[in-house]
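Only one structure is covered here, and it is reproduced in the block below.
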Amino acid sequence: MAREVTHEERGPAVLDDDDKGDDGLIYVCRCGLSDSKPLCDGSHNATTDEEDGVVYKYANDDADGERRAIDEIVYEDE
């Protein structure tokens with residue numbers, strides 16, 4: 001499974017002790033759907049039934065948005 005996610009940030013996020021959860025760990029989003037990027041907010045739960053080998057796009061990069069399978073990601077020539 002893969003998903004296309006639009007990222008708009010142009011720099012790094014600085015994490016500190018305030019970003020730690022109750023267990024003292026920092027959880028970083030890897031699915032691309034978190035509303036609190038770069039931190040995980042549990043949005044990855046929407047991806048549990050994605051099929052291997054399929055690329056998905058979630059409307060507005062939102063875990064609650066409509067999910068659809070896409071054939072490919074096409075890059076615009078620069």
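Values reported hereafter were calculated over all heavy atoms of this structure, with side chains retained and with hydrogens, waters and symmetry mates removed.
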Point to revise | D71 atom CG: more than 12 heavy-atom contacts under 6.0 Å | key: no

**Study point:** Derivation of the side chain to side chain contact (heavy atoms under 4.5 Å, CB included) call for T47 and Y58
**Key:** CA-CA 10 Å; T47 71; Y58 287 74; 3.7 Å; yes

Exercise for review: Write out all pairs satisfying salt bridge (Lys or Arg N to Asp or Glu O under 4.0 Å) with one or both partners inside residues 37-64, taking only residues at least two apart or from two chains.
Suggested key: R3-E50, E4-K57, D49-R67, K57-D61

Point to revise | Considering all heavy atoms, the nearest C29-S34 contact | key: SG-CB, 3.6 Å

Check your understanding: Looking at OH of Y56 and CD of E66, how far apart are the two atoms once the value is rounded to the nearest 0.5 Å?
Key -> 13.0 Å

Check your understanding: At what distance, to the nearest 0.5 angstrom, does CG of D35 lie from SG of C40?
Key -> 11.0 Å

Review point. If you link I, L, V, M, F, W and Y whenever their side-chain heavy atoms are under 4.5 Å apart, who else ends up in the same group as V28?
Key: L15, I26, L39

**Study point:** Closest non-hydrogen atom pair, S43 against L33
**Key:** OG-O, 3.5 Å

Practice item. Determine whether V55 and Y75 fall in the same hydrophobic cluster, where Ile, Leu, Val, Met, Phe, Trp and Tyr are linked whenever their side-chain heavy atoms lie under 4.5 Å apart. Key: yes

